[in-house]
There are 2 protein chains.
Amino acid sequence: MPTIKDVAKKANVSIATVSLVIHNNNRISPKTKRRVQKAIDDLSYHPTRSARGLVSQKSGNIGFILTEDHFTRSEPFYSQIFLGTEFIARNYEYYILLTTITPNFSGEDRLPRFVLENNVDGIILAGKVPDLLIERLQEYKLPLAFVDYYPSTGNFPVVMIDNINAGMQATQHLIDCNHTKIAFLAGDFEHPSIHERFQGYKMALEKAGITFDERNVISDLPYPSRKYGYQAVTRLLSQCPDITAIFACNDAMAIGVLRYLKEHGLSVPHDISLIGFDDVEADIYLDPPLTTMRVPKIDMGIEAIRLMVDFLNNNISNPRKVLVPAELIVRQSTCSAA
Amino acid sequence: MPTIKDVAKKANVSIATVSLVIHNNNRISPKTKRRVQKAIDDLSYHPTRSARGLVSQKSGNIGFILTEDHFTRSEPFYSQIFLGTEFIARNYEYYILLTTITPNFSGEDRLPRFVLENNVDGIILAGKVPDLLIERLQEYKLPLAFVDYYPSTGNFPVVMIDNINAGMQATQHLIDCNHTKIAFLAGDFEHPSIHERFQGYKMALEKAGITFDERNVISDLPYPSRKYGYQAVTRLLSQCPDITAIFACNDAMAIGVLRYLKEHGLSVPHDISLIGFDDVEADIYLDPPLTTMRVPKIDMGIEAIRLMVDFLNNNISNPRKVLVPAELIVRQSTCSAA
DNA sequence: TTGGCTTAGTTAAACGTTTAACTTGTGAGT
DNA sequence: ACTCACAAGTTAAACGTTTAACTAAGCCAA
């Protein structure tokens, strides 16, 4: 491997000059620049990361932190976001270092190795992470950015799904199909995202002049899953049999709903229209394929890197918030009301 | 951030001693070791990656190279392998740096930045990569390991699916269900993996004393996909209407087959049993859920890292090959022949 | 007493860059 | 002719480690 010294010798200049040429400093005359550049090319020299990192105190890496349960869960939501960051990072000459942490991070737990080793220039945190972790990270003065989670305290760059708008859009789609008896199946309201989707649901109803009816909402189940989707719709139809459309807060619930309706001889979409949220891979294989709101997971990762790089390069002081829009994907589980 | 100097001062020793304590060198007395260790703990000192990397010429990183098409394809096969490497790497104190390269890598293309910057200690290559790339990488004397691809020249550590055995197992499962008229839908034989599955198919037949019939094999389609699965079964059933079981070389084809059979009023599994290969997420949502051979993608990544780390630590000279087994997942698309 | 061996450290160079501070040469202004 | 400013480089320190080579002290055998 050639070093900067080899280049300097070959071009008959000092190593400082070589460095200045590499950084395109205008203290060097065009003529010398050309000569040095030729030497660089001839030797196919490239500065070493460690040496550069040591003196500049920049690693060229961005850390990505996930809790273990988020990483290993079956639905690959956060790993898609992660892949988004990996994908775009190279355009900005950064590499991503991934690590997971335990969801019950405590005082005894060590911080991620890349923090201790000074091996990242900034950190992206995806999903809910413990407050204590955030506090401890801040001691290291590393820029932080959040994806799909907004810490209760502090003012950070953040990327969130535009859940309110998406909730409105989904509901509006059902309204456009002439539905008025529209249910919302929440699972629970623990997660802010779901509550926001619910707000969007209510806003769309209001805008259309449909009075909101509490009995059309099921929100007292542990969390949104296939199993609880099945349970939710069971109760819904017993208390409101005249429902013609259902907005499930995510696709997992929608799949449970679909199973129930099939088992009870109700046709989707003819008897009941159904819309989900997320756009999981399985949706297109369902019978009928599920209409849903597509969440651009990859894009969320991309946006997070953009925020981080903006910050790193320009040291923008006031942190930006990005709301990424979800997209309505109309398939065959929704149609006009009879 | 405290440096090694701060520790040395606090413990009243030279920085060399601190370094030796960190590396647990037995030239230092237990007493001194304790004193230094206390200073390290009190200051919560941790050596810096760049400085360590500069002098030791080790980055602590492993590179992961994929061709762009492999990364962006919808079926997340290679990205799962990648996540497997990410997942396990931390146990060995390595980080993974990902990059993609163009599938038509030529002389003009630059090598991945992490190679030029001396920022990886070894490289894992997943899927088919251009020979030229391999040649160019070897000039850098970096250890290479391959996953799901075996370069035609050279002797490298490699992780492959045990396709022959898996092909046998899948076929054996159908035989165990008393089927004898068993078709194999290959799409094409371009990819060695598929040809190996086919070999397994033939071996299982032979072992069971079933004579192999060429007409039960469709292998002249461009590649295995849903679309070509549909076409393949169309032709198959016209030339061999007495088939009772089908082994599709991957799940994509199997899904196409399933659609055809449904559309033509054939019941799966009662009229025809169907087995796929891969275990994609959608399988469980199909009607009926698809019996298949599960490929442990995550495990493949894990094995690749193990090979690489073994090599890096012990410099094992003779490269190991690992065959990871696929696992039969019996669902509802196969049953006993009538 | 001398020499040699062992133990427990220390000294100092080296790794490959970046960059602040300095130098040298040239031309313009007075 | 002298100063001053500027252009185009160079010198040398610094970044934070690791490690080969050295040293000093203690002990033991001859």
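Here is the naming used below: chain letters follow the sequence lines, and residue numbers restart at 1 for every chain. Owing to the predicted nature of the structure, the values given are computational and were not obtained by experimental measurement. Below, each value reflects all heavy atoms present in this structure, side chains not excepted, and no hydrogens, waters or symmetry copies.
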Which part of the nucleic acid, if any, lies within reach of A:S19 when heavy atoms closer than 4.0 Å are counted: base, sugar-phosphate only, or nothing?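 A:S19: base contact, heavy atoms under 4.0 Å.
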Looking at DNA chain D, which of residues 111-121 of chain B put a heavy atom within less than 4.0 Å of it? none
Distance, rounded to the nearest Å, where [X] contributes [atom1] and [N] contributes [atom2]:
X	N	atom1	atom2	result
A:H46	C:dT18	NE2	P	11 Å
B:K58	C:dG16	NZ	C1'	16 Å
B:I4	D:dT18	CD1	P	6 Å
B:D6	D:dC15	CG	P	11 Å
A:H23	C:dA20	NE2	P	12 Å
B:K5	D:dT17	NZ	C1'	10 Å
B:N26	C:dA8	CG	C1'	11 Å

Say whether, by atom type as modelled, one donor and one acceptor occur between the side chain of B:T48 and the main chain of B:S50 under 3.5 angstrom.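 Not at all, since once roles are kept as given, no pair shorter than 3.5 Å links the two residues.
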Give every pair of a protein N or O atom and an N or O atom of nucleotides 9-14 of chain D that lie under 3.5 Å apart, one pair per line with the distance.
residue: D:dG9; atom: OP1; partner: A:T32; partner atom: OG1; Å: 2.6
residue: D:dG9; atom: OP2; partner: A:S29; partner atom: N; Å: 2.5
residue: D:dG9; atom: OP2; partner: A:S29; partner atom: OG; Å: 2.7
residue: D:dG9; atom: OP2; partner: A:T32; partner atom: OG1; Å: 3.1
residue: D:dG9; atom: N7; partner: A:R27; partner atom: NE; Å: 3.2
residue: D:dG9; atom: O6; partner: A:R27; partner atom: NE; Å: 3.0
residue: D:dT10; atom: OP2; partner: A:S14; partner atom: N; Å: 3.0
residue: D:dT10; atom: OP2; partner: A:S14; partner atom: OG; Å: 2.9
residue: D:dT10; atom: OP2; partner: A:T17; partner atom: OG1; Å: 2.3
residue: D:dT10; atom: O4; partner: A:R27; partner atom: NH2; Å: 3.4

Return all side-chain donor-acceptor pairs below 3.5 angstrom for residues 137-157 of chain A, not counting sequence neighbours, or 'none' if the list is empty.
residue: A:D148; atom: OD2; partner: A:Y78; partner atom: OH; Å: 2.7
residue: A:Y150; atom: OH; partner: A:K321; partner atom: NZ; Å: 3.1
residue: A:N155; atom: OD1; partner: A:K321; partner atom: NZ; Å: 2.9

Can you name the residues that form a side-chain contact (heavy atoms from CB on, under 4.5 Å) with A:P325, not counting sequence neighbours? none
Checking A:A16 now: which residues fulfil side-chain contact (heavy atoms from CB on, under 4.5 Å) with it, not counting sequence neighbours?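 Residues passing side-chain contact (heavy atoms from CB on, under 4.5 Å) with A:A16: A:S14.
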Residue pairs fulfilling salt bridge (charged side-chain N to carboxylate O under 4.0 Å, His left out) with at least one residue in [range], sequence neighbours excluded:
range	answer
residues 300-320 of chain B	B:E303-B:R306, B:D310-B:R320
residues 58-69 of chain A	none
residues 94-103 of chain B	none

Is the phosphate of C:dG16, meaning OP1 or OP2, less than 4.0 Å from a side-chain N or O of B:Q57? yes
Short side-chain N/O contact to C:dG16 OP1/OP2 from A:R52, under 4.0 Å: no
Once you build an axis from the first five pairs and another from the last five of the helix from C:dT1-D:dA30 to C:dT30-D:dA1, how far apart in angle are they, to 10 degrees?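 The angle separating the two end axes equals 60°.
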What residues, two or more places apart in sequence or in another chain, satisfy side chain to side chain donor-acceptor pair (under 3.5 Å) together with B:S56? none
Could you pull out all donor-acceptor pairs under 3.5 Å where a side-chain atom in residues 21-38 of chain B meets a protein atom, sequence neighbours excluded?
residue: B:H23; atom: ND1; partner: B:S19; partner atom: O; Å: 2.9
residue: B:N24; atom: OD1; partner: B:K33; partner atom: NZ; Å: 3.1
residue: B:N25; atom: OD1; partner: B:R27; partner atom: N; Å: 2.7
residue: B:S29; atom: OG; partner: B:T32; partner atom: N; Å: 3.2
residue: B:S29; atom: OG; partner: B:T32; partner atom: OG1; Å: 2.9
residue: B:R35; atom: NH1; partner: B:A11; partner atom: O; Å: 2.3
residue: B:Q37; atom: NE2; partner: B:D41; partner atom: OD1; Å: 3.1
residue: B:K38; atom: NZ; partner: B:D42; partner atom: OD1; Å: 3.4
residue: B:K38; atom: NZ; partner: B:D42; partner atom: OD2; Å: 2.8

Can you give the donor-acceptor pairs under 3.5 Å from side chains of residues 109-132 of chain B to other protein atoms, not counting sequence neighbours?
residue: B:D109; atom: OD2; partner: B:S106; partner atom: N; Å: 2.8
residue: B:R113; atom: NH1; partner: B:E117; partner atom: OE1; Å: 3.3
residue: B:R113; atom: NH1; partner: B:E117; partner atom: OE2; Å: 3.4
residue: B:R113; atom: NH2; partner: A:E93; partner atom: O; Å: 3.3
residue: B:N119; atom: OD1; partner: B:N61; partner atom: ND2; Å: 3.1
residue: B:D121; atom: OD1; partner: B:S59; partner atom: N; Å: 2.8
residue: B:D121; atom: OD1; partner: B:S59; partner atom: OG; Å: 3.0
residue: B:D121; atom: OD2; partner: B:S59; partner atom: N; Å: 3.4
residue: B:D121; atom: OD2; partner: B:G60; partner atom: N; Å: 2.9

More than 12 non-hydrogen atoms from neighbouring residues, nucleotides or ligands closer than 6.0 Å to CZ on A:F87, yes or no? no
